[in-house]
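Please read the structure below before turning to the comments.
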Amino acid sequence: MPGSNFNFETIEFLDPNGQLKRPLPEALATRDKLVELYQLMVQTRVFDRAAINLQRTGAMGTYPSCEGQEAIGTGVGYAMNENDVLVPYYRDIATQIQRGVLLEEILRYWGGDEWGMHFQHQAQDFPISVPIATQSCHAVGVAYAMKYRQQPRAVVTTCGDGATSKGDFYESINIAGALALPVVFVVNNNRWAISVPLEKQTAAQTIAHKSLAAGIDGYRVDGNDPIAVFQVLSEALELARNEQRPSLVEALTYRLCDHTTADDASRYRPQQEFDAARELEPLIRFKAYLQKEQQWSDADDESIYADCKKQVKKAIEAYQAFPEQPPGQFFDYMFAKRTADLEQQKQEWLAGVKRHG
Amino acid sequence: MPGSNFNFETIEFLDPNGQLKRPLPEALATRDKLVELYQLMVQTRVFDRAAINLQRTGAMGTYPSCEGQEAIGTGVGYAMNENDVLVPYYRDIATQIQRGVLLEEILRYWGGDEWGMHFQHQAQDFPISVPIATQSCHAVGVAYAMKYRQQPRAVVTTCGDGATSKGDFYESINIAGALALPVVFVVNNNRWAISVPLEKQTAAQTIAHKSLAAGIDGYRVDGNDPIAVFQVLSEALELARNEQRPSLVEALTYRLCDHTTADDASRYRPQQEFDAARELEPLIRFKAYLQKEQQWSDADDESIYADCKKQVKKAIEAYQAFPEQPPGQFFDYMFAKRTADLEQQKQEWLAGVKRHG
Amino acid sequence: MAEWTQLEAVNQAFASEMGRDENVVVLGEDVGINGGVFRATEGLLEAFGAERVIDTPLAESVIVGMAIGMAAQGLKPIVELQFMGFIYPAVDQIINHASRLRNRTRGRITCPMVIRAPFGGGIHAPEHHSESTEALFAHMPGLRVVIPSSPARAYGLLLAAIRDPDPVVFLEPKRVYRLGKQVVEDNGEALPLDTCFVLRDGIDITLVSWGASIKETLEAAQQLAQIGVDAEVVDVATISPLDMGTILDSVARTGRCVIVHEAARSGGVGAEIAARLAGEGIASLLAPVKRVTGYDTVMPLYRYEDQYMPGVNRIIDAVQEAMEYR
Amino acid sequence: MAEWTQLEAVNQAFASEMGRDENVVVLGEDVGINGGVFRATEGLLEAFGAERVIDTPLAESVIVGMAIGMAAQGLKPIVELQFMGFIYPAVDQIINHASRLRNRTRGRITCPMVIRAPFGGGIHAPEHHSESTEALFAHMPGLRVVIPSSPARAYGLLLAAIRDPDPVVFLEPKRVYRLGKQVVEDNGEALPLDTCFVLRDGIDITLVSWGASIKETLEAAQQLAQIGVDAEVVDVATISPLDMGTILDSVARTGRCVIVHEAARSGGVGAEIAARLAGEGIASLLAPVKRVTGYDTVMPLYRYEDQYMPGVNRIIDAVQEAMEYR
Ligand SMILES: Cc1ncc(C[n+]2csc(CCOP(=O)(O)OP(=O)(O)O)c2C)c(N)n1
Ligand SMILES: Cc1ncc(C[n+]2csc(CCOP(=O)(O)OP(=O)(O)O)c2C)c(N)n1
Ligand SMILES: [Mg+2]
Ligand SMILES: [Mg+2]
């Protein structure tokens, strides 16, 4: 078939055994930085497990785990500048924590409170978008504003493999190409969209091939390797910031979890495939690398886990200590100022509360 | 840029001077067939001019000319089997007339009467879709039904270059690939979407490259050459019907007309570009070929034009002789049976007509 | 005879009709091996095969658009949209095509298809999973909008929707999907569309509702009975086209009306019902028509959704106001 | 001072506000060199450059979605959608995002943006070019829906819409785009949103309308005056949120009300107004609230569109019925 024989090379630094296959990128060539990457992944994993547990015990609502996909967010966040903007989806915790979003805010959102998206320490990043792929469109708008103001900034927006089937994804990459906007589209290709495997999602040879439809740069990267993700994103962001060259990055990973806590993947996922993917997961690999090449000890490892657990414990306490919204606050943020209708409805509502408690 | 160096060859038979560059496809290797192709193009052109004239004189509403693009519909229609299905857009007159749609029906539609889409002699083809690219979705559904019933049939759906920016186009080619459906997407790349030139529409290297996003076959063809269009469509349809291989065909042409009669292209279109495109248009080229290679005389040409004009005159007479819809018919086809509400509204309406005439 | 939840009733209606008519196919995200995120299509893949139970890519516009093409070829597609909050990308196909193809072609191409979506709040689901925007579709000429509120009606109305020669938006109140079972005979018999169901006779006031709110409405009626107010309860069921006759008849007898729905108040389907009462029904009205509804706000995230939902207390308050009006 | 058509007034509002505020940008299909298919953006490209007057690819969803991203960064995007019939692909972005981002982020990210679309029938345009589905947007919490009906209101309300800190759907009645000129002062002054405009005082009956139908409504009022019926005419202008106070006041004085709109009757914005009259306003009503509207059908193709449109005769008939009601 014409065209299908074109290949995107998959960029890898660490192999599944933690063996470094190319020299480290300069920006990561110190032990501290590498440990930081590891710490971010561990932090994410520890948080993720705790969040699932909160859901299971009824202390929080439905939650989408990102187990197995921690390297993507870690590499992406590490490559971003503070004044770049993130337009995320729901498996980007590792990125969000680097962007200043608090763990307790993430819990608060999944705990059913809008304040979880208020982001005390992050003014410009978008909240996650539940309607799949819609955020791609916002990202190009943010990128347009940066270009309009001639700022050397860029946008990273993320989505899943399933999202690449949606019109919004394609309209966005196409307009990013047509208007030459500083935006990087990162696709977390975890091979599943709830119960639909990638093979049913698209016949495209790879997700990276979709970049050709928009005339933007395409990259494929090992999404279980935070070094590779960092490196590719750094390059892509550089081109975006300085040359207004948009790109699409396909990060290959696997969803080592149910779709969300409301899902049961055993209904549809072949156990063998899952077991094989487990072998490739980022934390084991990175630890092996650190042990082999960076004098990483079991004690170091334990101490990092202990640290992360402490952080998460604090976040859970903060989550549980959040004040309730004042009664009827849901009327208050629809518009800059409550309309007359909303004012009347709020009064009516308050009167009802008064009557019935 | 990775991938952008991949090229789709443009398939051509006739060069702009009417010189045959490859042997004729077997299916067209008689003078009669070639004359038939020419006649279809002439018929379309003559009709088109007459339709514009009807609009200008107030006898018909807004009309989208297809001047310069007659070879696409001619080749497409000629390649289709009777039991294939066409899901067209608004510049497919040359295809539609081969499918049994009457010229007077086309006039009737643009003359503001739904009966123009009733198609007395064509039960299954879709009417044109005004909302851009929406028809691509219908085409995959029709193709699904054919595949479900294991019929060796296929669907052709068409759209413009602008339409390829829309989510619906992409969702459709992607699902056609994912489900392996017998459908051919033909893009009339006339280089403009109203006032927006192709360069602003997409940064893709070619429209054919968009096939790579869906993992379907891609073709590029000279859309001013009905032989080339016929040949590519024949191959693509064969693969669709027998192997459930969907494809995307980019047909290169130029919009040698205003967008519609409501448009004034001189506001935005470079005259030079237009003049250059004029040189390449299909009727001149095909006539030159017939003269050089098929003993085509001026008398033959005049007689074909005379024939076509006669047809068009008859069509206009039929259009003008159409009976008016019975009063209030717009209530009658919303549902298989008028609902109680519609019955009541129709009675109310009829009473008003009685009162005021 | 079996006892079913609404969800089971939906599933059985599928099974029954797919067994009867091989033109019926089901398509949507996760409808196959996963049986749908609510399990409404559970077992269908095994029973009818992957050609008839189609797991699609994640693309709502083409899912509905594709169903239109299928329907034009004589199939009877049933689309599952995962949640009503994800119906919007398909609105163009629904409004501009599904509802119009018959009229556009003067009957040559028709769209017998069903678009199903779970809707409504109250299950502590994430953002965009609690929509009640049925009014959007009720305003669209050429569409039927049908909402069951019990297992028997889910079964009978879904059968009717599948067999209807025109497109039907079929909204399933997910809050009551698994709430309460009912004996339903699996006899393949459809219930009538375009008809209200009177669930409780009464003489003092008419309560009009649909979907999950029927639950609170019936509860309110029961409590009201204890304080001497005898309420009639009407389940609209087909919210478009409205069977206004039944409602007008009831209000002609009771003189008072309270409409209950979860959707935002302004421009909700309650407005149309109240408007017709203000028109044709005005002579019957002894009191203002009250609407107990969601507010003109987004549905709050789950921790606060109870504040938003129209509950029994609010219905009773409105009824009492209406009863006291002179 | 200049005499402008509505179209010129829109164009001037653009020019005025773009001159004043460089955060204002315009985007859409053909808005650049072509000046928009109706020429509403004519001259803006030359005056403000291609960075601020953006010809986009043909993709309504990303056009609106992109505007959301721009607005989040402090730009004030004005989107032109070519016709209201092509707004549907963008409904998801409008409903799920533009109207909700402020609430979702508790005010952190807001969407000051305007979505303009020409709407309504009566210009003999092709299929899908005659939509009046304003009710869809009026039902959406978090959106303002504004419809001017004169050059002065087009100018003043568009300025207000651009300056508003929240998203505004701004629907321009294209049938009257070039019908009649009016002296408008180009003073950069906005008119108030969320307010009805009383166009004619009267004591016998209240006529409520918006958009192009204001024309027939005023004509009807004039003819009615000749037969002794003195009608008050209210232009709703902001159809969401409704300024119901003005309408209730008027009906409190007249006791009768006829609502006129081009959209399909069932579930139209007229329903909400009538419903509020049936609620809060019931004590004022001396006659049934009448709605003179489009029918629950698709707008017919142009040869038959006059059959569909609510004309002066139908308004007068309804008024007479309302006046005769005892
Ligand atoms: C428009 C829309 N349709 C459907 C859904 C329901 N849904 C939530 S996540 C999901 C699958 C997403 O898969 P993918 O894009 O691969 O991301 P992943 O969850 O695998 O990271 C679906 C269908 C939704 N949120 N939005
Ligand atoms: C969804 C939608 N948006 C906008 C329009 C208005 N419109 C009609 S044709 C057209 C341009 C189409 O360009 P292209 O796809 O290249 O086809 P061409 O007319 O050049 O054959 C536009 C914007 C429409 N019909 N539908
Ligand atoms: Mg995935
Ligand atoms: Mg074109």
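Model, not experiment: these values are computed from the prediction. Every chain is numbered from 1 and lettered A, B, ... according to where its sequence line falls, protein lines coming before strand lines.
Residues passing the salt bridge (charged side-chain N to carboxylate O under 4.0 Å, His left out) test with B:D125, sequence neighbours excluded: B:R99.
If you tally non-hydrogen atom pairs under 4.5 Å between each of B:G61, B:A133, B:P131, B:G116 and chain D, the highest count goes to B:P131. Contacts with chain D were tallied for B:A262, B:G111, B:G167; B:G111 has the most, counting heavy-atom pairs under 4.5 Å.
Only the side chain of D:V37 comes within less than 4.5 Å of a heavy atom in chain B; its backbone stays farther off. Contacts of B:I194 with chain D are made by both backbone and side-chain atoms, with heavy-atom separations under 4.5 Å. Heavy atoms of B:A265 lying under 4.5 Å from chain D are absent altogether.
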> Passes side chain to side chain contact (heavy atoms under 4.5 Å, CB included), B:V130 versus D:F86? Steps please.
Replying inline: CA-CA 9 Å; B:V130 171; D:F86 310 135; 3.9 Å; yes

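Atom CD of B:E317 has more than 12 heavy atoms from other residues, nucleotides or ligands within 6.0 Å.
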Between chain B and chain D, donor-acceptor distances below 3.5 angstrom:
unit_1: B:G61; atom_1: N; unit_2: D:Y302; atom_2: OH; d: 2.9
unit_1: B:Y109; atom_1: OH; unit_2: D:E127; atom_2: OE1; d: 2.6
unit_1: B:G111; atom_1: O; unit_2: D:Y302; atom_2: OH; d: 3.3
unit_1: B:G111; atom_1: O; unit_2: D:R303; atom_2: NE; d: 3.0
unit_1: B:G111; atom_1: O; unit_2: D:R303; atom_2: NH2; d: 3.1
unit_1: B:G112; atom_1: O; unit_2: D:R303; atom_2: N; d: 3.2
unit_1: B:E114; atom_1: OE2; unit_2: D:L301; atom_2: N; d: 2.7
unit_1: B:S195; atom_1: N; unit_2: D:D30; atom_2: OD1; d: 2.8
unit_1: B:S195; atom_1: OG; unit_2: D:D30; atom_2: OD1; d: 2.6
unit_1: B:Q201; atom_1: OE1; unit_2: D:L58; atom_2: N; d: 2.8
unit_1: B:R267; atom_1: NE; unit_2: D:N34; atom_2: OD1; d: 3.3
unit_1: B:R267; atom_1: NH2; unit_2: D:N34; atom_2: O; d: 3.2
unit_1: B:R267; atom_1: NH2; unit_2: D:E42; atom_2: OE2; d: 3.1
unit_1: B:Y319; atom_1: OH; unit_2: D:R303; atom_2: NH2; d: 2.9
unit_1: B:E324; atom_1: OE1; unit_2: D:Y304; atom_2: OH; d: 3.4
unit_1: B:Q325; atom_1: N; unit_2: D:Y304; atom_2: OH; d: 2.9
unit_1: B:G328; atom_1: N; unit_2: D:Q307; atom_2: OE1; d: 3.1
unit_1: B:Q345; atom_1: OE1; unit_2: D:D296; atom_2: N; d: 2.8
unit_1: B:Q345; atom_1: NE2; unit_2: D:D296; atom_2: OD2; d: 3.1
unit_1: B:E348; atom_1: OE1; unit_2: D:R265; atom_2: NH1; d: 3.2
unit_1: B:E348; atom_1: OE2; unit_2: D:R265; atom_2: NH2; d: 2.9
unit_1: B:W349; atom_1: NE1; unit_2: D:Q307; atom_2: O; d: 2.7
unit_1: B:R355; atom_1: NH1; unit_2: D:D317; atom_2: OD2; d: 2.3
unit_1: B:H356; atom_1: NE2; unit_2: D:D317; atom_2: OD1; d: 3.0
unit_1: B:H356; atom_1: NE2; unit_2: D:D317; atom_2: OD2; d: 2.6

